[in-house]
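These notes are about the structure you will find just below.
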Amino acid sequence: RGAPPTRLEILKKKQLSKARHEVAEALWRTARHKDAAPALRDWLQEKDKSTNARIRTAFVLWRIDKSPQALEVYKEILRQGELSAKQYVLEMIRRIGPEAKATVSDIIDLLKKERLLRNSCLMVLRRFGAGASKAVPEIRKLVKDKNSSLIAAIALWDIAKDEKQIRSLAQRMLSDPNPRIRQNIVYEFWQMGARAKDATSELKKAMEDSNDRVRLAVAVALWSLSQDKKALKLMLRFLSGSDHELQTEAAVQLGTTFQGAVKETLPSLIQALSDKSPLVRAFVAESLGRIGAPARDAIPSLIRLLKDLKQPNHVHSAVAEALGLMGPSAKKAKSALMLHLKHSSSYVRACAALSLWNLHRSKAGLDVVKKSLLSRNSQAQVIAAEALWKMSKSKEALETMFYLLWHARVSTAPTASNLRYMIVRSLERMDLPAKVILPVLTELLSDEDADVRRTAQSALKKIKAKSSGD
């Protein structure tokens, strides 16, 4: 912080131009320095740069100030770049979302010319929604193409909202011999929510699918559309099964999609805390935390897990955080939480400190969260920032949270979407002033990850309701 003079000098020296874009990004991340965006724009104008570096730098510039220059770089590469560079650009445009609709014409041209990039083009166009309407004639041609029919049909729905398309899509795709295709189309219907109601009858037939992963996806979609009791029974059966992948997915869904059925799901969730798989136990604990106070009957089992020092770190962190979200009934967990302030994992320590504050308004973990704020574990930093803000309204906590969010929004790492999801959940719980938090959550409504978008939307509703109440 403070923009050291040596870094500013690097921005000005042409002979060090290879480093300038990285230094500019670092200046923006750490100090929101006014020279960062102009330096990135200058760097992008120099033509002798690595194509991949130009693509990523354009993305960073877009995140800073939504510069049209970033989209111009992308349009140029879509027209003249190598196939791999075009693929990379399409991924960046997909991440930007509807605000990049100025690239629609170039993507349509690519859709016509590059068979290998068709599906990537369709994934981007569907993100644009109605903003990609001029692509509809070309997409209709691809609905009959066996390699692109699924994504083309879904893109048509997202862009043109053709209800007939949903019915025919359900009939065709749910009878496809490839279980991966069947599973993907079911999850697409789930993402559509009420818009996919015309697929309900076909989904009910798919409850008898021969593939368990397809049936789990069908249960999620059907519960979302019609609160189907058979879907709930099927999900509980998967939770108590022996396939750990299905168990963890069932645990996640029971704590989110099926959260309203806590009376029916709680006994099974409590029993699953004793599952032989540590991963299943951790996911179940996390789901119980999401349910919160209505899951208070699970508190004794959660405390037992927390006191069991043989449990792995990811179980302890999930349990410690969950207890802090269960309200006054979890106050009896204080001694176990205090014990974990000395845990070897910075993430577990931060979760214990946050829960002690949530339950007892105790600052016993204040020093712990200050140290965890400097951890190399991003998850620990998120929880520590939330705890530090709650304990002391620390400006540093807020700066850290927004720094982490910025990093997660420009990162191409597979874990970046999960980090953004964690940050949104923490921001919702931090009781920040509306003028601070509303613009951030509104921006995340166009995030490329559906879970992040849903969580941001839910947080916005709660914050706006609270603001109107106040």
Side-chain angles (χ1 to χ4, degrees), residues 51 55 58-59 62-63 66-173 176 181 184-196 198-199 443 445-450 452-453:
T51 302
I55 293 169
F59 185 68
W62 174 267
R63 287 295 194 219
K66 293 185 168 45
S67 171
Q69 185 181 350
L71 299 185
E72 289 304 316
V73 169
Y74 288 165
K75 289 164 75 172
E76 173 199 329
I77 295 171
L78 288 175
R79 292 168 191 161
Q80 303 170 10
E82 299 290 330
L83 192 71
S84 60
K86 290 176 180 177
Q87 176 76 59
Y88 190 10
V89 166
L90 289 170
E91 173 59 19
M92 293 298 102
I93 294 174
R94 186 188 70 82
R95 292 186 67 183
I96 291 172
E99 292 177 304
K101 64 183 179 183
T103 60
V104 166
S105 296
D106 294 286
I107 294 172
I108 293 173
D109 289 341
L110 200 61
L111 187 67
K112 295 175 183 176
K113 297 173 186 174
E114 295 284 3
R115 186 177 186 87
L116 292 174
L117 295 179
R118 276 182 182 172
N119 287 354
S120 296
C121 289
L122 290 168
M123 290 295 286
V124 175
L125 291 169
R126 65 175 293 210
R127 281 274 281 144
F128 293 163
S133 56
K134 59 184 176 181
V136 167
E138 198 60 35
I139 295 173
R140 287 195 189 281
K141 296 176 187 176
L142 296 176
V143 171
K144 295 179 181 178
D145 181 299
K146 74 173 186 176
N147 294 318
S148 302
S149 58
L150 170 62
I151 300 174
I154 294 168
L156 265 184
W157 165 254
D158 285 336
I159 295 166
K161 301 294 185 275
D162 183 352
E163 291 187 9
K164 292 180 181 177
Q165 194 64 45
I166 291 295
R167 283 191 291 273
S168 62
L169 186 64
Q171 290 166 355
R172 237 170 357 106
M173 296 302 176
D176 192 282
I181 295 287
N184 286 346
I185 190 59
V186 172
Y187 272 122
E188 288 295 341
F189 288 144
W190 172 52
Q191 302 284 3
M192 290 178 189
R195 296 179 299 161
D198 290 332
E443 180 84 7
L445 291 177
S446 61
D447 193 273
E448 65 269 23
D449 185 85
V452 174
R453 293 197 301 271

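In this text, all values refer to a predicted model and were calculated from it rather than measured experimentally. Only this structure's heavy atoms are used, side chains among them; waters, hydrogens and symmetry mates stay out.
Judged as a side-chain hydrogen bond (donor to acceptor under 3.5 Å, both in side chains), and not counting sequence neighbours, the contacts of Asp145 are Arg115, Arg118. Residues meeting the salt bridge (charged side-chain N to carboxylate O under 4.0 Å, His left out) test with Glu76, sequence neighbours left out: Lys47, Arg54. For the side-chain contact (heavy atoms from CB on, under 4.5 Å) test, residues two or more places apart in sequence or in another chain that qualify with Asp176 are Asn178, Ile181, Arg182. Evaluation of the side-chain contact (heavy atoms from CB on, under 4.5 Å) rule for Ala130 yields no partner, not counting sequence neighbours. In this structure, the salt bridge (charged side-chain N to carboxylate O under 4.0 Å, His left out) partners of Glu91, at least two apart in sequence or on a different chain, are Arg94. The side-chain hydrogen bond (donor to acceptor under 3.5 Å, both in side chains) test applied to Lys141 returns Glu138, not counting sequence neighbours. When the side-chain hydrogen bond (donor to acceptor under 3.5 Å, both in side chains) test is applied to Arg127, no partner is found at least two apart in sequence or on another chain. Residues passing the side-chain contact (heavy atoms from CB on, under 4.5 Å) test with Ser120 are Gln87, Leu90, sequence neighbours excluded. Legend: residues meeting side-chain hydrogen bond (donor to acceptor under 3.5 Å, both in side chains) with Arg126, ordered by chain and number and at least two apart, are Asp158, Glu188. Residues satisfying the side-chain contact (heavy atoms from CB on, under 4.5 Å) criterion with Leu116, sequence neighbours excluded, are Leu83.
The heavy-atom pair separating Ala70 from Ala58 by the smallest distance is CB-O, 3.2 Å.
Tyr88 has its side chain out of reach of Thr51: every pair of non-hydrogen atoms, C-beta onward, lies at least 4.5 Å apart. Counting only heavy atoms from C-beta outward, the side chains of Ile55 and Phe59 never approach each other to under 4.5 Å. You'll find the side chain of Ile93 reaches within 4.5 Å of the side chain of Phe128, heavy atoms only. Under the 4.5 Å side-chain criterion, counting only non-hydrogen atoms from C-beta, Val73 is not in contact with Val89.
Atom CE in Met92 sits 5.0 Å away from atom CZ in Arg95 (nearest 0.5 Å). Atom CG in Asp447 sits 12.5 Å away from atom CD1 in Ile96 (nearest 0.5 Å).
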Could you give the side-chain donor-acceptor pairs of residues 97-111 under 3.5 Å, partners two or more places apart or in another chain?
{"residue": "Thr103", "atom": "OG1", "partner": "Ala100", "partner atom": "O", "Å": "2.7"}
{"residue": "Ser105", "atom": "OG", "partner": "Lys134", "partner atom": "NZ", "Å": "2.8"}
{"residue": "Asp106", "atom": "OD1", "partner": "Arg79", "partner atom": "NE", "Å": "2.6"}
{"residue": "Asp106", "atom": "OD1", "partner": "Arg79", "partner atom": "NH2", "Å": "3.3"}
{"residue": "Asp106", "atom": "OD2", "partner": "Arg79", "partner atom": "NH2", "Å": "3.4"}

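Partner of Leu156 under the side chain to side chain contact (heavy atoms under 4.5 Å, CB included) criterion, chosen from Leu142, Val136, Leu125: Val136.
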